[in-house]
2 protein chains.
Amino acid sequence: MAREAREEEGYVVQRRRRLLDVETILDAALACIDERGRLTMADLAARLGASASSVYHHVSGRPEIVEMLRERLVAHLEIPPLDRSDWGDQVASWMRSYRQALAEHPNLIPLLSEQTMTAGSVLLGYDRVADLLGTAGFPEDQVMLWVSVLDSYALGAALDLAAPDEVWGAGGGDTPALEAALRAAPQGRARADAAFELGLEALLAGMRSRLPVGPV
Amino acid sequence: MAREAREEEGYVVQRRRRLLDVETILDAALACIDERGRLTMADLAARLGASASSVYHHVSGRPEIVEMLRERLVAHLEIPPLDRSDWGDQVASWMRSYRQALAEHPNLIPLLSEQTMTAGSVLLGYDRVADLLGTAGFPEDQVMLWVSVLDSYALGAALDLAAPDEVWGAGGGDTPALEAALRAAPQGRARADAAFELGLEALLAGMRSRLPVGPV
DNA sequence: ACCTGAACACCGTTCAAGT
DNA sequence: ACCTGAACACCGTTCAAGT
């Protein structure tokens, strides 16, 4: 295997198939991150069955791999459809898909937030959001502020996803109200999901109440 | 200098003053981070005028230094005073002081978010917030969710502070609404500050509107 | 064109040896 | 008790040499 026969000028040429390409490198890199929570070139090369130096014939280095993972992650986001439905619903579904994409690879989040998270298709999405907010009636000089607010909330919620479960319980007895609240709430991922939805609704409700004119 | 005279049993003993201690190590580490945006043991040792290995007689290693910087940062936070003023005002001022503390060392934020950010005095603050929210009338099983929401927003806003200015302008012509919004808004740090306040108000307004009974 | 091993500079950390 | 230089294991990256 790992060979292909190619007919050329009447000769049958046995040629070694390329061992590596960018897509398989990215797949293996994501596997490293998902399974071990970090990305080293040695681990990556081992998974690929190649040497670490081989990788450099296809990508410029580790930073570019992380960048490409960001692009790939973010390329699958559904851009808000810009239809005639409620602007808040459209913003909410965009926020959900953004967070959902991050949620599928929580170990990737710390690597992505080494650089800025806001690039590529995320920018396209926020362009639509800016459009929606302007059309909805927000003052021109406020639109960018609301976009920043939504971005902050989405990133913070993503970090919340990547954080371990027990962080809130570390008070050791001197945080009684927090511990009681913790016991009464859903646990782990279910809490992160419920909190995200609750906060998103509150944020959009607060935005709506600040609209100069009422919604159509 | 760097010497002290100590009288002991009638003899005057010239003794070298301890070259290093935890506080000076933390000061130098913060200087590394503020000035270069990263923390290496070599850079740290150079600033201290000592060898890298000396540092290990006072701290267990680099991770503990970062942990101690987190504790020091967060130790200066004003815990909400639990007075009879409006719960929203108290939560808002706590959120502001949290973000303000992070804003003073933006380069520290990525290092802190390698681990979870929520520990120490931050937990104490959220214990007060949980108390406030319960007293304000939020259902017991929602209190922890709102705490998570506030935490997400504070962390996201902190990441927004650490991010460079030009991220939103990278659309290159195919994000016209975003670019128009960007031009109409305040720039840089002023935008981050205005966005944080606007979003915080909206979030608290949305929370208020979800209170089962009206505020006292 | 693609892959490799060896080498390099740079990390954090350890430790035997000094005072 | 505190500090040091040398050494170590482990990073990402480069490059001359192979096919």
Side-chain angles (χ1 to χ4, degrees), chain A residues 1-6 8-9 11-26 28-30 32-33 35-69 107 110-112 114-115, chain B residues 1-6 8-9 11-26 28-30 32-33 35-69 107 110-112 114-115:
Chain A
M1 17 191 186
R3 288 176 177 277
E4 66 181 343
R6 190 164 61 113
E8 192 182 73
E9 308 268 333
Y11 295 93
V12 174
V13 184
Q14 283 287 341
R15 236 234 247 173
R16 209 157 219 221
R17 171 175 272 145
R18 300 162 90 255
L19 194 49
L20 264 40
D21 63 271
V22 176
E23 283 309 305
T24 52
I25 288 172
L26 294 183
L30 200 52
C32 291
I33 292 165
E35 290 172 30
R36 309 215 181 174
R38 60 203 198 107
L39 173 64
T40 71
M41 300 304 276
D43 185 14
L44 175 60
R47 276 164 205 273
L48 290 165
S51 74
S53 50
S54 306
V55 177
Y56 289 82
H57 288 95
H58 301 89
V59 297
S60 67
R62 205 193 95 117
E64 196 188 22
I65 294 176
V66 174
E67 252 350 88
M68 285 173 158
L69 285 177
N107 287 335
L111 298 198
L112 293 183
E114 285 172 12
Q115 309 288 335
Chain B
M1 11 195 188
R3 288 178 174 277
E4 66 182 343
R6 191 165 61 110
E8 194 182 71
E9 310 268 335
Y11 295 92
V12 173
V13 183
Q14 284 287 341
R15 238 233 246 171
R16 210 153 220 226
R17 171 173 272 143
R18 300 163 90 257
L19 193 50
L20 264 39
D21 63 274
V22 176
E23 283 310 304
T24 52
I25 288 173
L26 294 183
L30 200 51
C32 290
I33 293 165
E35 289 171 29
R36 309 214 181 173
R38 61 202 198 108
L39 173 64
T40 72
M41 299 304 277
D43 185 14
L44 175 60
R47 276 165 205 271
L48 290 166
S51 75
S53 49
S54 306
V55 177
Y56 289 83
H57 289 96
H58 301 87
V59 297
S60 68
R62 204 193 95 117
E64 196 188 22
I65 294 176
V66 174
E67 246 0 80
M68 285 172 158
L69 286 177
N107 287 335
L111 298 199
L112 293 183
E114 285 171 12
Q115 310 288 336

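Computed from heavy atoms alone, side chains included, the values below leave out hydrogens, waters and symmetry copies. Bear in mind the structure is a predicted one, so any value in this text is a computation, not a measurement. Letters A, B, ... are given to chains in the order of the sequence lines, protein chains preceding strands, and every chain is numbered from 1.
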| task | Evaluate the criterion side chain to side chain contact (heavy atoms under 4.5 Å, CB included) for residue pair A:Leu44 and A:Ile65; output intermediate values, then yes/no. | result | CA-CA 11 Å; A:Leu44 175 60; A:Ile65 294 176; 3.7 Å; yes

| query | By a strict heavy-atom criterion of less than 4.0 Å, which residues belonging to residues 51-61 of chain A are in contact with DNA chain D? | reply | A:Ser53, A:Tyr56, A:Gly61

| When you check the side-chain N and O atoms of B:Asp21 and B:Thr24, is any donor under 3.5 Å from an acceptor? | yes

| task | Would you mind reading off the distance between B:Glu64 atom CD and C:dT13 atom P, rounded to a whole angstrom? | result | 10 Å

| Validation row: B:His57, B:Leu20 side chains within 4.5 angstrom (heavy atoms) | no

| task | Quickly work out the B:Leu20 CG to C:dT19 P distance and round it to whole Å. | result | 20 Å

| task | Evaluate salt bridge (charged side-chain N to carboxylate O under 4.0 Å, His left out) for A:Glu35 paired with A:Arg47, printing each intermediate quantity in order. | result | CA-CA 12 Å; A:Glu35 290 172 30; A:Arg47 276 164 205 273; 3.1 Å; yes

| said: Nearest whole Å is fine: how far is C:dG12 P from B:Leu44 CG? | reply: 9 Å

| task | Please step through side chain to side chain contact (heavy atoms under 4.5 Å, CB included) for the pair B:Leu69 and B:Leu111, ending with a clear verdict. | result | CA-CA 10 Å; B:Leu69 286 177; B:Leu111 298 199; over 6 Å; no

| request: State, yes or no, whether a side-chain contact exists between B:Val59 and B:Met68 at a heavy-atom distance under 4.5 Å. | output: yes

Below 3.5 Å between N/O atoms, which protein atoms pair up with nucleotides 8-10 of chain D? Just atom names and distances, please.
none

| query | Just how far is it from atom CD of B:Glu64 to atom OH of B:Tyr56, taken to the nearest 0.5 Å? | reply | 11.0 Å

| Distance, rounded to the nearest Å, where A:Arg62 contributes CZ and D:dC11 contributes P | 11 Å

| request: List the steps and the verdict of side chain to side chain contact (heavy atoms under 4.5 Å, CB included) for B:Ile33 and B:Arg38. | output: CA-CA 5 Å; B:Ile33 293 165; B:Arg38 61 202 198 108; over 6 Å; no

| task | State, yes or no, whether a side-chain contact exists between B:Arg18 and B:His58 at a heavy-atom distance under 4.5 Å. | result | yes

| said: Using whole Å, what does the distance between atom C1' of nucleotide D:dC2 and atom CD1 of B:Ile25 come to? | reply: 12 Å

| Can you list the stems that DNA chain D is part of, where a stem is at least 3 pairs in a row, each Watson-Crick or G-U, with both distances below 3.5 Å? | C:4-8 with D:12-16, C:12-16 with D:4-8

| query | Is there a donor-acceptor contact under 3.5 Å from the side chain of A:Glu67 to the main chain of A:Pro63? | reply | no

| query | How many angstroms lie between atom CG of B:Asp43 and atom SG of B:Cys32, to the nearest 0.5 angstrom? | reply | 3.5 Å

| message | For a quick check of understanding: with a heavy-atom distance under 4.0 Å over all strands, which category does B:Leu39 fall into, base, sugar-phosphate or nothing? | response | sugar-phosphate

